[in-house]
Amino acid sequence: MTLEEFIGSEKRMETVTQALEELLVAAHRQDSLTVGVYESAKLMNVDPDSVVLCVLATDEEDEDDIALQIHFTLLQAFCCDNDINILRVSGVRRLSALLEDDTGNGNEPRDLHCILVTNPPVQPLQSPALQNISSFCEESRCRNQWVPCLLMQDR
């Protein structure tokens, strides 16, 4: 890989990360997110056609969680079988900040390890951010990278 290709790749990753953040915020406002591993699995079992993106999130401390990794493997297989785009991200704290997780009020923290973006039939999501992420996922699959990874940095 040349220096120009590396710099172009880094810029592409930044663009896709920014698009993911925009998409998650917009979908959250439209109540088009399903958050949690079990909640996501239930939705995909009932209505997989409504799912347009599956985000699997971990941090370093989650890498040794065998149960979580097994869940991820099953979710990834289901997404591949149903043509659902998948992104693997590191940065659960950033996701929590984006989705305004209200754990500071004594509430139980939400399971942000799996987030599904759904496409409501009444008012479908037609955002440039979703198109950008979809094309990134497609490009990654063409390079035999079935689950592309992004780094979400705290701001």
Side-chain angles (χ1 to χ4, degrees), residues 4-44 46-63 68 71-72 75-76 78-80 82-105 107-155:
E4 291 82 18
E5 289 172 330
F6 178 75
I7 292 172
S9 171
E10 287 293 310
K11 287 183 181 184
R12 177 74 169 135
M13 295 295 240
E14 286 176 28
T15 302
V16 173
T17 301
Q18 192 171 33
L20 177 61
E21 291 181 2
E22 290 172 18
L23 177 65
L24 291 175
V25 169
H28 185 53
R29 284 191 196 123
Q30 292 183 6
D31 200 28
S32 295
L33 289 183
T34 299
V35 178
V37 172
Y38 294 108
E39 294 81 358
S40 298
K42 281 191 266 184
L43 175 67
M44 286 198 287
V46 173
D47 189 13
D49 293 335
S50 70
V51 180
V52 293
L53 179 66
C54 177
V55 179
L56 302 175
T58 58
D59 283 326
E60 282 184 33
E61 58 267 14
D62 299 317
E63 294 298 323
L68 182 63
H71 283 55
F72 278 7
L75 288 165
Q76 288 171 188
F78 190 89
C79 289
C80 287
N82 288 279
D83 296 323
I84 298 170
N85 288 322
I86 315 166
L87 281 177
R88 187 124 182 201
V89 301
S90 61
V92 176
R93 282 190 301 273
R94 179 67 185 142
L95 287 173
S96 180
L98 277 174
L99 302 178
E100 301 166 355
D101 200 8
D102 56 356
T103 57
N105 300 336
N107 295 336
E108 184 80 18
R110 290 195 293 175
D111 174 13
L112 297 174
H113 291 107
C114 183
I115 300 171
L116 298 181
V117 178
T118 56
N119 205 0
V122 177
Q123 194 175 25
L125 289 169
Q126 295 296 326
S127 71
L130 178 58
Q131 292 170 350
N132 190 345
I133 293 165
S134 295
S135 67
F136 174 73
C137 290
E138 187 175 331
E139 291 166 13
S140 296
R141 284 191 300 271
C142 289
R143 292 189 314 269
N144 288 325
Q145 184 183 10
W146 292 96
V147 183
C149 299
L150 295 176
L151 174 62
M152 296 184 80
Q153 308 243 342
D154 291 332
R155 292 185 185 174

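As the structure is a computational prediction, the values presented were derived from the model and not from experiment.
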- What residues, two or more places apart in sequence or in another chain, satisfy side-chain hydrogen bond (donor to acceptor under 3.5 Å, both in side chains) together with Asp49?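 Here no residue qualifies.
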
Distance (rounded to the nearest 0.5 Å) between [X] [atom1] and [Y] [atom2]:
{"X": "Leu23", "Y": "Leu53", "atom1": "CG", "atom2": "CG", "result": "6.5 Å"}
{"X": "Arg88", "Y": "Gln76", "atom1": "CZ", "atom2": "CD", "result": "5.5 Å"}
{"X": "Gln18", "Y": "Leu20", "atom1": "CD", "atom2": "CG", "result": "11.0 Å"}
{"X": "Asp47", "Y": "Leu116", "atom1": "CG", "atom2": "CG", "result": "11.0 Å"}

Looking only at non-hydrogen atoms, find the nearest pair between [X] and [Y] and report the distance.
{"X": "Ala27", "Y": "Val117", "answer": "CB-CG1, 4.0 Å"}
{"X": "Leu24", "Y": "Leu99", "answer": "O-CD2, 4.0 Å"}
{"X": "Arg93", "Y": "Asp59", "answer": "N-OD2, 4.1 Å"}

Taking the side chain from [X] and the backbone from [Y], do they hold a donor-acceptor pair closer than 3.5 Å?
{"X": "Asn119", "Y": "Ser50", "value": "no"}
{"X": "Thr118", "Y": "Ser32", "value": "yes"}
{"X": "Ser96", "Y": "Val92", "value": "no"}

- Task: Determine, stepwise, if the pair Phe72 / His113 fulfils side chain to side chain contact (heavy atoms under 4.5 Å, CB included).
- Result: CA-CA 9 Å; Phe72 278 7; His113 291 107; 4.1 Å; yes

Should the heavy atoms of other residues, nucleotides or ligands under 6.0 Å from [atom1] of [X] be counted, would the total exceed 12?
{"X": "Glu63", "atom1": "CD", "value": "yes"}
{"X": "Glu60", "atom1": "CD", "value": "no"}
{"X": "Arg29", "atom1": "CZ", "value": "no"}
{"X": "Arg141", "atom1": "CZ", "value": "yes"}

- Applying side chain to side chain contact (heavy atoms under 4.5 Å, CB included), name anything that partners Ala19, two or more places apart in sequence or on another chain.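 Partners of Ala19 by the side chain to side chain contact (heavy atoms under 4.5 Å, CB included) criterion, ordered by chain and then number, come out as Ala129, Asn132, Ile133.
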
- Task: Using side chain to side chain contact (heavy atoms under 4.5 Å, CB included) as the criterion, point out the one residue from Leu87, Ile86, Val147, Ile84 that pairs with Cys137.
- Result: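 The option that passes is Leu87.
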
- Task: Compare all side-chain heavy atoms of Val89 with those of Thr17 and state whether any distance is below 4.5 angstrom.
- Result: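 Val89 vs Thr17: side chains apart.
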
- Message: side chain to side chain contact (heavy atoms under 4.5 Å, CB included) for Ser90 and Cys149? Distances and angles first, verdict last.
- Response: CA-CA 8 Å; Ser90 61; Cys149 299; over 6 Å; no

Determine all donor-acceptor pairs shorter than 3.5 Å in which one atom belongs to a side chain in residues 35-44; sequence neighbours excluded.
from	atom 1	to	atom 2	distance (Å)
Tyr38	OH	His71	NE2	3.3
Ser40	OG	Gly36	O	2.6

